Amino acid sequence: MTQRNQPWGYQNAGTGKAPDWELHPETTAVRGGLMRSGFGETGEALYLSSGFTYDSAEQAASAFRDETEHFLYSRFDNPTVAMFEQRLAAIEGAEACKATASGMAAMFASVASVVKSGDRIVASLAMFSSCFVVLTEILPKWGVETILVEGTSEADWAAALSQPTAAVFIESPSNPLMEIVDIKMVSTLAHKVGAIVIVDNVMASPVLQSPLALGADVVMYSATKHIDGQGRVLGGAVLGSSDYINNTLKPFIRHTGPSMSAFNAWVLLKSLETLTMRVEKMNASAQAIAERLESHPAIKTVCYPFLKSHAQHELAKKQMRGGGTTLAIEFALPQDQVFAVMDALRVIDISNNLGDSKSLMTHPASTTHRRLDAATQAKMGITASTVRLSVGLENVDDLLRDLESALNSL
Ligand SMILES: *Cc1c(COP(=O)(O)O)cnc(C)c1O
């Protein structure tokens, strides 16, 4: 238990010496949060245990009074999950982290734990469709109002944030159109009216964008996406100050129960070790594909933040370390021909996941964003001719050849 409070969680079982310099993120991704048992295992231990025992009734009572640090029950905390949380917090540069069962559990808990009936939330319109349903259907049933703004318009944000607001929710880049919101500008406006700023950083991952450093208060992830990135488990995480995580979020999760399983945390701990390498390679391939496809005659637009043609290119360069692993492509073709291109792919799979080691293509209008009405889809820039391509770890030449031969098969 003594390791739990060390911010880097660094433990060198051999010499017991911790480094006296600040470690790079790749080092932290392999070493952060490690709590070795007495066996000195190299790989992180999987504590597949729902409960924990106490030396005495008094120790149990003291642990429940928060006077003794002791794991109580895996719905609250678990050693393997705690290792994942500490490792991700170290990579993100956040004071604290709470893991959840899925990205949507992270999104819902991060917002629902800070609002009450009568409160208002301001959010950018372009977002993942389940987040949209939470903000515009589920929370309003409980008396919480959501104001949606055009995320790229400073005037829209300023107008919406001219009165007391409980929370601001930003997805940047947005899924699927890769729209960029100015996190620093919105955070400054939001803090003036007392709002907590929550950023869905799924599309960028911790590797390409650090919202807390830009002024946001809370970052949330679907760990299902780049963090696992190998198509295996669902997971989520919320990161922020120790005060927010321990006093606001943890009680909400402890009592409502969307906790991460120890098994998934164990898988995700290993995924974190390769996160930087995977995202950097996928990002480089996505950039190359975006540049090459932009001039293809069957393509109307390629939306990718690090293309000069992207409407918020300058802003993206300022707040991101790369354009991301995902691009939106609007074909100059009707839907049946877009489907024909997708069906002609031989390497890239048709799948609605993203951030995976396998390249995946989806048609948002008929799948991930189907739940939104036509007007909302149109406002988000999703048309019948739009596809989202999540670029994986394959050789980029194979991906380009696959895309070009599918396009040329028409
Ligand atoms: C996938 C996704 C989520 C939800 O994550 P799950 O792990 O599927 O619950 C939230 N936000 C964005 C931007 C996503 O892409």
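This structure is a prediction, so every number in the text was calculated from the model and none was measured. Both ligands and their constituent atoms are indexed starting at 1 by order of listing. We're numbering straight along the sequence, starting at 1.
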I'd like the atom pairs linking ligand 1 to the protein - N or O on both sides, separation under 3.5 Å - with distances to 0.1 Å.
{"residue": "ligand 1", "atom": "5 (O)", "partner": "S222", "partner atom": "OG", "Å": "3.1"}
{"residue": "ligand 1", "atom": "7 (O)", "partner": "G103", "partner atom": "N", "Å": "2.8"}
{"residue": "ligand 1", "atom": "7 (O)", "partner": "S222", "partner atom": "OG", "Å": "2.7"}
{"residue": "ligand 1", "atom": "7 (O)", "partner": "T224", "partner atom": "OG1", "Å": "2.7"}
{"residue": "ligand 1", "atom": "9 (O)", "partner": "G103", "partner atom": "N", "Å": "3.1"}
{"residue": "ligand 1", "atom": "9 (O)", "partner": "M104", "partner atom": "N", "Å": "2.8"}
{"residue": "ligand 1", "atom": "11 (N)", "partner": "D200", "partner atom": "OD2", "Å": "2.7"}
{"residue": "ligand 1", "atom": "15 (O)", "partner": "N175", "partner atom": "ND2", "Å": "3.3"}
{"residue": "ligand 1", "atom": "15 (O)", "partner": "K225", "partner atom": "NZ", "Å": "2.8"}

Is the number of heavy atoms from other residues, nucleotides or ligands within 6.0 Å of NZ (K184) greater than 12?
-> no

How about Q59: does its CD atom have over 12 heavy atoms from other parts shown lying under 6.0 Å from it?
-> yes

Tested for side-chain hydrogen bond (donor to acceptor under 3.5 Å, both in side chains) against T362, the lone hit among T386, D349, N352, T367 is T367

Distance-only check: which donor-acceptor pairs under 3.5 Å involve side-chain atoms of residues 226-235, not counting sequence neighbours?
{"residue": "H226", "atom": "ND1", "partner": "V202", "partner atom": "O", "Å": "3.3"}
{"residue": "H226", "atom": "NE2", "partner": "T325", "partner atom": "OG1", "Å": "2.7"}
{"residue": "D228", "atom": "OD1", "partner": "R232", "partner atom": "NE", "Å": "3.0"}
{"residue": "D228", "atom": "OD1", "partner": "R232", "partner atom": "NH2", "Å": "2.8"}
{"residue": "D228", "atom": "OD1", "partner": "S271", "partner atom": "OG", "Å": "3.1"}
{"residue": "D228", "atom": "OD2", "partner": "G231", "partner atom": "N", "Å": "3.4"}
{"residue": "D228", "atom": "OD2", "partner": "R232", "partner atom": "N", "Å": "2.8"}
{"residue": "D228", "atom": "OD2", "partner": "V233", "partner atom": "N", "Å": "3.4"}
{"residue": "Q230", "atom": "NE2", "partner": "D228", "partner atom": "O", "Å": "2.7"}
{"residue": "R232", "atom": "NH2", "partner": "S271", "partner atom": "OG", "Å": "2.9"}

Return yes when atom CZ of R346 has more than 12 non-hydrogen atoms of other residues, nucleotides or ligands closer than 6.0 Å, and no otherwise.
-> no

May I ask you to check if K225 and F128 form a cation-pi contact, with NZ or CZ under 6.0 angstrom from the six-membered ring centre and within 45° of the axis?
-> yes

